Each structure stands twice: as structure tokens, then as C-alpha cells.
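Quick notes on the structure that follows.
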Amino acid sequence: QVQLVESGGGLVPPGGSLTLSCVASGSTFGIRAMGWHRQAPGKQRESVARMFNRDPPVYADSVRGRFTISRDNDEHTVYLQMNALKPEDTAVYYCTFNIQGYEYWGQGTQVTVSS
């Protein structure tokens, strides 16, 4: 059993910054990838950033250059640093861990970009 807990969401004005965190606990042996997805109202869920064990991170075109995914050395915590936020970044953000081929999802954290 794996549990993912996200934190760091909130309300931020356009141009502001937020850092999301996601901590994995439980049976975390065999992590292959970590990532962040988001879902805005009325839209499909989309991948924002993904980090693999050996390859460079992959970003959605809409966030490249503004968002940065990173992790702790223990590899049980993943972060999403979000800069220059735009109203269109408003969404529920979910972290994911791929552990031995199975994708686990967090419950989500709301990010609202508004003045």
C-alpha cells in the first residue's frame, strides 16, 4: 500500500510563485518515475511534469521554463516549483509515483491564480 500526500496549494496572484510538495509513504520500493498532473474545471487531466530515474525531466509545453520538478535524495518526496503563474494554471494538481509499474495518485491540491 502506498500513500501520497500533497501540500502547498493555494491562492496566488498572476506572476506569483508556489511550490507543491508530495510525500510518498508505505511500500515505496521500486520507484520508476514521479510526476505532476493537473485538471482544470471542464478540461481533461493533463501531465505537467514528469521525472524518471535516469532521464531528464519532461515538461508540458505550457509550463516549460516556468515550472521545475525536483525530488529529495531519499526519492520519497517530489516537488513542483511554479513561477510566473498565469490564470490558466488554475487547476487541481495531482502528484503521481510509478512504483514497479503501477501508477499511484495523490488526492490533489487546489492552485488558484487570480488577482
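Owing to the predicted nature of the structure, the values given are computational and were not obtained by experimental measurement.
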R64 bridged to D61 by N-O distance under 4.0 Å:
yes
Strictly distance-based, threshold 3.5 Å: is any side-chain N or O of Q110 a donor or acceptor partner for the main-chain N or O of G10?
no
Nearest-0.5 Å distance that lies between atom OG in S70 and atom CD in Q81
8.0 Å
Tell me, do F67 and N83 make a side-chain contact under 4.5 Å, heavy atoms counted?
no
Provide the closest heavy-atom pair for T109 versus L20 in the form atom of the first, atom of the second, distance.
CG2-CD2, 4.0 Å
Can you confirm whether more than 12 heavy atoms, excluding those of E88, are under 6.0 Å from its CD atom?
yes
Determine whether a donor-acceptor pair (N or O, by modelled atom type, separation under 3.5 Å) exists between the side chain of E6 and the backbone of G108.
yes
P14 and S115 have their tightest heavy-atom pair at CD-N, 3.7 Å
Over all heavy atoms of both residues, which pair between M34 and I69 is shortest? Give the atoms and the distance, please.
O-CD1, 3.9 Å
Taking the side chain as every heavy atom from C-beta outward, state whether L11 and S114 have any atom pair closer than 4.5 Å.
yes
Interatomic distance, CD1@I99 vs OG@S27, rounded to 0.5 Å, equals 8.0 Å
Taking the six-membered ring of Y94 (Phe, Tyr or Trp), confirm whether the NZ or CZ of R38 is under 6.0 Å from its centre and within 45° of its axis.
no
For the student: nearest non-hydrogen atoms of P57 and M51, plus distance
CG-CE, 4.1 Å
Would you indicate whether the side-chain heavy atoms of H76 and I31 approach each other to under 4.5 Å?
yes
Could you walk me through whether E103 and F97 pass the side chain to side chain contact (heavy atoms under 4.5 Å, CB included) test, one step at a time?
CA-CA 6 Å; E103 198 86 351; F97 274 66; over 6 Å; no
Transitively linked via ILVMFWY side-chain contacts under 4.5 Å: V78 with Y102?
yes
Side-chain heavy atoms nearer than 4.5 Å, only ILVMFWY residues, links allowed to pass through others: does that put V12 and V63 together?
yes
When you compare the side chain of Y93 with that of M82, does any pair of heavy atoms fall below 4.5 Å?
yes
Examine distances only and state if a side-chain atom of R50 and a backbone atom of V58 form a donor-acceptor pair shorter than 3.5 Å.
no
Euclidean distance, C95 SG relative to Q107 CD, rounded to 0.5 Å
9.5 Å
Shortest non-hydrogen contact from L80 to A49?
CD1-CB, 4.1 Å
Taking the six-membered ring for Trp, are W105 and H37 parallel (under 30°), tilted (30 to 60°) or perpendicular (over 60°)?
tilted
We want to know whether Y104 and N98 form a side-chain donor-acceptor pair, criterion being a heavy-atom distance below 3.5 angstrom.
no
Quick one: are C22 and Y79 in side-chain contact, heavy atoms under 4.5 Å?
no
Is the backbone N or O of K86 less than 3.5 Å from a side-chain atom of D89, with the two atoms forming a donor-acceptor pair by type?
yes
Output yes when a side-chain donor or acceptor of T90 lies under 3.5 Å from a complementary backbone atom of V113, and no otherwise.
yes
